[in-house]
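Each remark here refers to the structure printed beneath this line.
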Amino acid sequence: MKTFTHARALRAALIAAAIGGASTAALADIKDYKFELVDQTVQAGPDKTITVRLMNTKTGKPVPDAVIFATRLDMAPDGMQEMATKITPVPGAEPGTYKFKATFGMAGRWQLSLGAKVQGETGTVDNKLVITAQK
């Protein structure tokens, strides 16, 4: 009878540990990630490089290997959403950085909209960053 009681207690402890471990993993939140610009300004003109870093705001560390599936660059901050330009991904230099090439047709404020999936997380990181193009 004692062996049966010990086995049940051990099984209950293992189940509690498994549930506790799962709840700790569930504490991660997609809102703990954000993109930030490496440089806030670029020169207006063709083939300019934009570099962003995806950060985990809780750890303060860059996040490598995210899948960026949505990009848009337009002049929404200056009231010209229809003034959009093509944006092309290029290889990043260091883990957690993501680079894009774009043509900034005129000086002003441009909005870079990004959507990404972080491995191991559910949901989408969505950020809108403002870059100033200068003459």
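In this chain, numbering begins with 1 at the start of the sequence shown.
- In terms of modelled atom types and a separation under 3.5 Å, the side chain of N56 and the main chain of T59 share a donor-acceptor contact.
- Residue Y33 comes nearest to T57 through the heavy atom pair N-OG1, 4.4 Å, listed as atom of the first residue, atom of the second, then distance.
- Grouping the Ile, Leu, Val, Met, Phe, Trp and Tyr side chains by contacts below 4.5 angstrom, directly or via other members, places L112 with M106.
- Under the 4.5 Å side-chain contact rule for hydrophobic residues, V63 and V38 do not share a cluster.
- Cluster membership check: I30 shares its hydrophobic cluster with V52, using side-chain heavy-atom separations under 4.5 Å among Ile, Leu, Val, Met, Phe, Trp and Tyr.
- No continuous path of ILVMFWY side-chain contacts below 4.5 Å connects M55 to I131, so the two sit in separate hydrophobic clusters.
- When side chains are defined from C-beta on, M83 counts as touching W110, because their heavy atoms get closer than 4.5 Å.
- Of the possible polar contacts, none joining the D39 side chain to the T41 backbone as a donor-acceptor pair under 3.5 Å is found.
- From T97, atom OG1 reaches atom CD of E36 across 11.5 Å, with rounding to the nearest 0.5 Å.
- Within the 3.5 Å criterion, the main-chain N or O of K101 finds no donor-acceptor partner in the side chain of T49.
- Within 6.0 Å of atom NZ in K48, more than 12 heavy atoms from other residues, nucleotides or ligands are found, so the atom counts as buried in its surroundings.
- Under a hydrophobic-cluster definition in which Ile, Leu, Val, Met, Phe, Trp and Tyr are linked whenever side-chain heavy atoms come within less than 4.5 Å, directly or via other members, F104 and V90 are assigned to different clusters.
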Distance-only donor-acceptor pairs under 3.5 Å for side chains of residues 67-76, two or more places apart:
unit_1	atom_1	unit_2	atom_2	d
R72	NE	D74	OD2	2.6
R72	NH2	D74	OD2	3.4
R72	NH2	Q81	O	2.9
D74	OD1	A76	N	3.0

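- Of the possible donor and acceptor atoms, one in the side chain of N127 sits under 3.5 Å from a partner among the backbone N and O of F35.
- Formation of a donor-acceptor pair under 3.5 Å by the T85 side chain with backbone atoms of T103 is found in this model.
- The shortest heavy-atom contact between P64 and P95 is CB-CB, 4.0 Å.
- Judged by distance alone, the side chain of T124 and the main-chain N or O of D126 form no donor-acceptor pair under 3.5 Å.
- Under a 4.0 Å N-O distance rule, the pair D78/R109 qualifies as a salt bridge.
- Residues R53 and P62 approach most closely at CG-CB, 4.2 Å, considering heavy atoms.
- Side chain of Y98 to main chain of A66: a donor-acceptor pair is present (N/O by atom type, distance under 3.5 Å, no hydrogens or angles).
- At least one side-chain heavy atom of T132 sits under 4.5 Å from a side-chain heavy atom of Q134.
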